[in-house]
Amino acid sequence: MYVYDTLSRTEKNLDLNHDQVVRVFVCGPTVQDSFHIGHARTYTFFDAVVKYLRRKGYSVFYLQNITDIDDKIINRANEENVPYDVISRRYTEEFFDIMETLRINSVNFYAMATQHIHEIIRQIQVLVKKGYAYETTDGVYFSVTKFPDYGQLSGQDLESLRTGARVESSEEKRDPRDFVIWKKMKPGEPFWNSPWGNGRPGWHIEDTAITEKYFGPTYDIHGAGMDLIFPHHEAEVALERSISGEPYLSRYWIHSAMVNVNQEKMSKSLKNYVTIRKVLEDYLPEELRYALLNVQFRSNVNFTPDLLNEAKANVGAINTLYRKLKLKQPSHENSDENPEIRRLSEHVERNFDFRLVFRDLLELVGKWNVNLESLTPMEIATAIETIDWVDSFTCIIPRKKEDSTSDELISLLLRIRRSMREKKDFTGADEIRKSLRDMGITIEDRGEETIWWKS
RNA sequence: GGAUAGGUGGCAGAGCGGUUAUGCGUGGGACUGCAGAUCCCAUCUAUUAGGGUUCGAAUCCCUACCUAUCCUCCA
């Protein structure tokens with residue numbers, strides 16, 4: 001398997017160990033506001049990656065943090081005049097709710113920042129003791145120049161960072177490029193006790209404290225959106241490696257690209273974002289997943305109606321065929337190997353190109369549709385197995401609606417409809433068809449017989 | 001200005017030196033009582049620009065131009 005690794009800037013052989021747990025960490029959100037398609041993209045992508053790895057037999061521990069204390073949360077709380085945790089809880093709940101709806105369920109553990117204050121303080125203590133961090137009147141800072149590899153991950157050199165300094169420089173910072181790891185509280189702000197007085201953690205150290213607790217000083221895969229490469233991940237590397245002395249933090253760095261609107265990054269500040277909830281008013285979660293996975297992960301996507309409509313059309317086509325196949329009699333013999341799956345898996349294993357998987361699956365769907373009536377039981381089994389396999393990590397086959405209609409009743413209705421049609425009572429026949437559709441049952445007249453399925 | 005990706009038909013996107021992929025859209029047709037689903041045909045005959053290498057380039061090299069992300073909080 002190959003993945004593009006940000007640090008080495010090359011496609012690297014993804015060399016994971018089947019005998020050990022594969023440790024994957026992906027940066028979670030700051031729970032300060034509603035979530036948009038940008039979030040959906042990142043988390044859907046890594047969900048599919050982890051599901052694929054598991055499918056392949058790896059035992060993956062997928063860890064994600066949740067930033068539940070942060071300036072933005074405090075600001076929001078002040079605007080609404082409520083305690084900060086009213087905000088963080090509200091959006092944490094919304095986040096979990098959306099994750100569930102989008103079928104993003106591969107994360108083993110969500111680590112909340114505020115539940116790891118101890119670990120954070122311990123890391124800061126080590127950094128201060130080793131001389132990597134220093135205290136000022138408003139906080140504790142990490143001294144960037146003490147870490148020679150700073151800038152390596154993002155391809156920045158320290159000098160150009162200095163000249164580009166849009167960094168707001170606090171007077172007491174020894175270097176404008178230094179970053180906070182502990183913020184001392186201002187009146188009215190939430191706080192935790194620490195050796196440096198009351199305050200709260202900086203963002204970067206939150207993640208290293210969490211990953212160190214669950215994974216130790218190094219782990220296998222670190223993922224997130226590309227916008228976090230600098231300074232966030234750069235800072236994580238500096239912090240953890242300064243503490244551990246190890247030559248690396250994560251063996252692989254996988255960064256997914258942005259979602260754009262009118263060629264611009266979807267973001268809060270530009271007010272050009274579309275919330276996930278909004279999209280789910282008109283599209284199925286599976287259609288959104290398809291749309292987002294139908295793009296190479298390192299390419300930006302422009303978010304347009306076309307993108308979703310194409311996904312809708314394709315998900316519909318795959319699903320319809322899938323339901324029809326399910327009505328047939330597949331062979332139950334064990335086939336040695338499914339050649340289609342082998343071919344499709346090559347796409348996944350070359351840079352997780354789910355898009356190519358979809359493309360080839362669609363071609364197969366066309367082929368199966370043409371021969372639908374003449375497929376052998378073996379071919380039916382292969383087709384179903386192939387779609388199931390793709391669905392096992394992409395989750396694009398819409399779930400059936402909960403239903404209570406019995407098969408016998410449906411058959412009865414269809415018999416009645418048949419006799420109506422024979423008597424040319426098409427109005428009545430169409431009414432039955434429409435009612436069944438409303439109940440999530442699709443029917444299809446095929447000459448003498450009528451087939452149906454629940455979708 | 002620096003770092004990193006890119007620039008292919010109406011849109012999305014393959015191709016990695018030698019068949020105008022493919023999907024969506026659009027038009028037409030088959031099937032159907034009508035739908036739906038599916039299929040067939042067509043449409044679009046595209047590769048940012050200019051040089052170069054080559055028998056031959058979307059594909060390699062150079063130059064220019066353009067776009068996105070990051071260099072500040074951000075998935």
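Being a predicted model, the structure only gives us computed values, none of them experimental. In what follows, chains are A, B, ... by sequence order, proteins preceding strands, each numbered from 1.
For B:rG27, the paired nucleotide is B:rC41, the pair qualifying as Watson-Crick or G-U wobble because both relevant distances are below 3.5 Å. B:rA21: no Watson-Crick or G-U partner with both key distances under 3.5 Å is found in any strand. In this structure, B:rU4 and B:rA68 make a Watson-Crick or G-U wobble pair, each of the two defining distances being under 3.5 angstrom. Across all strands shown, B:rA46 forms no Watson-Crick or G-U wobble pair with both key distances under 3.5 Å. Across the strands present, B:rU59 finds no partner; the criterion is a Watson-Crick or G-U wobble pair with both atom distances under 3.5 angstrom. Nucleotide B:rU53: unpaired (no Watson-Crick or G-U wobble partner with both distances less than 3.5 Å).
Within the nucleic acid shown, A:Arg359 comes within 4.0 Å of at least one base atom, counting heavy atoms only. Residue A:Gln296 is classed as having no contact, given no heavy-atom separation below 4.0 Å to the nucleic acid. Base engagement by A:Gln156 is indicated by at least one non-hydrogen atom pair under 4.0 Å involving a base atom. Here A:His36 lies in heavy-atom contact (under 4.0 Å) with a base. At a threshold of 4.0 angstrom between heavy atoms, the contacts of A:Leu228 are confined to the sugar-phosphate backbone, with no base atom among them. Within the nucleic acid shown, A:Gly366 comes within 4.0 Å of sugar-phosphate atoms alone, with no base atom in reach, counting heavy atoms only. Within the 4.0 angstrom heavy-atom criterion, base atoms lie near A:Val259. Within the nucleic acid shown, A:Phe35 has no heavy atom closer than 4.0 Å to any nucleic acid atom. No contact: A:Phe95 has no heavy atom under 4.0 Å from any strand.
Side chain of A:Asp391 to main chain of A:Ile397: a donor-acceptor pair is present (N/O by atom type, distance under 3.5 Å, no hydrogens or angles).
Not less than 6.0 angstrom separates the ring centroid of A:Phe25 from the ring centroid of A:Phe215.
Separation of the P atoms belonging to B:rC70 and B:rC61 is 28 Å when rounded to the nearest angstrom. Comparing the same atom, P, in B:rG15 and in B:rG6 gives a spacing of 12 Å after rounding to whole Å. Of the P atoms belonging to B:rG13 and B:rG52, the separation is 32 Å, rounded to the nearest Å. B:rC39 and B:rC31 are spaced 9 Å apart, taking the C1' atom of each and rounding to whole Å. With C1' as the reference atom, B:rU47 and B:rU20 are 11 Å apart, rounded to whole Å. A gap of 6 Å separates the C1' atoms of B:rG7 and B:rU48, to the nearest Å. The gap from the P atom of B:rG17 to that of B:rU32 amounts to 49 Å, rounded to the nearest Å. Straight-line distance between the C1' atoms of B:rU53 and B:rC62: roughly 11 Å, to the nearest whole Å.
Out of B:rC71, B:rC16, B:rC24, the shortest distance to the side chain of A:Glu310 is found at B:rC24. Taking the side chain of A:Met258 as heavy atoms from C-beta on, and the options B:rC24, B:rU69, B:rA37, the nearest nucleotide is B:rU69. Candidate nucleotides B:rC73, B:rA75, B:rU67 were compared by shortest atom distance to the side chain of A:Lys72, and B:rC73 ranks first. Of the candidates B:rG13, B:rA75, B:rA68, the closest approach to any side-chain atom of A:Thr30 belongs to B:rA75.
Between the CD1 atom of A:Ile254 and the C1' atom of B:rA5 there is a distance of 17 Å, rounded to whole Å. When the P atom of B:rC73 is taken as reference, atom NZ of A:Lys265 falls 11 Å away, rounded to whole Å. The distance from atom OH of A:Tyr62 to atom C1' of B:rA75 is 11 Å, rounded to the nearest whole Å. Rounded to whole angstrom, the span from the NE2 atom of A:His232 across to the P atom of B:rU72 amounts to 16 Å. Note: CD (A:Glu234) to P (B:rC71) measures 12 Å, nearest angstrom. In this structure, A:Glu449 atom CD and B:rC31 atom P are separated by 19 Å, rounded to whole Å. Here the C1' atom of nucleotide B:rA68 and the CG atom of A:Asp227 are 13 Å apart, to the nearest Å. Rounded to whole Å, atom P of B:rG33 lies 10 Å from atom CD of A:Glu448.
Across A:Phe96, A:Phe95, A:Tyr110, A:Phe35, a single residue satisfies ring pair (Phe, Tyr, Trp, His ring centres under 6.0 Å) together with A:Tyr43, and that is A:Phe95.
Annotation: ring-ring contact (aromatic ring centres under 6.0 Å, His included) contacts of A:Tyr62 (sequence neighbours excluded): none.
A heavy-atom distance below 4.0 Å to RNA chain B is reached by these residues of residues 416-439 of chain A, ordered by number: A:Arg417, A:Arg421, A:Phe426, A:Asp430, A:Arg433. Taking every heavy atom of residues 103-115 of chain A and every atom of RNA chain B, no pair lies under 4.0 Å.
Taking the six-membered ring where tryptophan is involved, the planes of A:Phe354 and A:Phe393 are tilted, since the angle between them lies from 30° to 60°. Ring geometry, A:Phe297 versus A:Phe45: the interplanar angle falls under 30°, so the pair is classed parallel (tilted spans 30 to 60°).
Using a cutoff of 4.0 Å between basic side-chain nitrogens and carboxylate oxygens, A:Asp70 and A:Arg200 are not scored as salt-bridged. Residues A:Asp430 and A:Arg433 are paired through a salt bridge, judged by an N-O separation under 4.0 Å between the basic side chain and the carboxylate. Using a 4.0 Å cut-off between a side-chain N of Lys or Arg and a carboxylate O of Asp or Glu, A:Glu286 and A:Arg399 do not qualify as a salt bridge. Look at A:Asp33 and A:Lys72 and you find no salt bridge, because none of the NZ, NE, NH1 or NH2 atoms lies under 4.0 Å from a carboxylate O.
OP1 and OP2 of B:rU4 both lie 4.0 Å or more from every side-chain N or O belonging to A:Tyr4.
The base of B:rC24 does not come close enough to the side chain of A:Asn314 for any donor and acceptor atom to sit less than 3.5 Å apart.
The cationic group of A:Arg298 lies under 6.0 Å from the six-membered ring centre of A:Tyr4 and within 45° of the ring axis, placing it in a cation-pi geometry. A:Arg251 forms no cation-pi arrangement with A:Tyr219, by the criterion of a distance under 6.0 Å to the ring centre and an angle within 45° of the ring axis. Taking the centre and axis of the six-membered ring of A:Tyr2, the NZ or CZ atom of A:Lys12 falls outside the cone set by 45° and 6.0 Å.
Annotation: of the two residues near RNA chain B, A:Ile318 and A:Thr304, the 5′-most nearest-nucleotide partner is A:Thr304. Residue A:Gly155 is the one, among A:Glu363 and A:Gly155, whose nearest nucleotide of RNA chain B lies closer to the 5' end (criterion: closest heavy atom).
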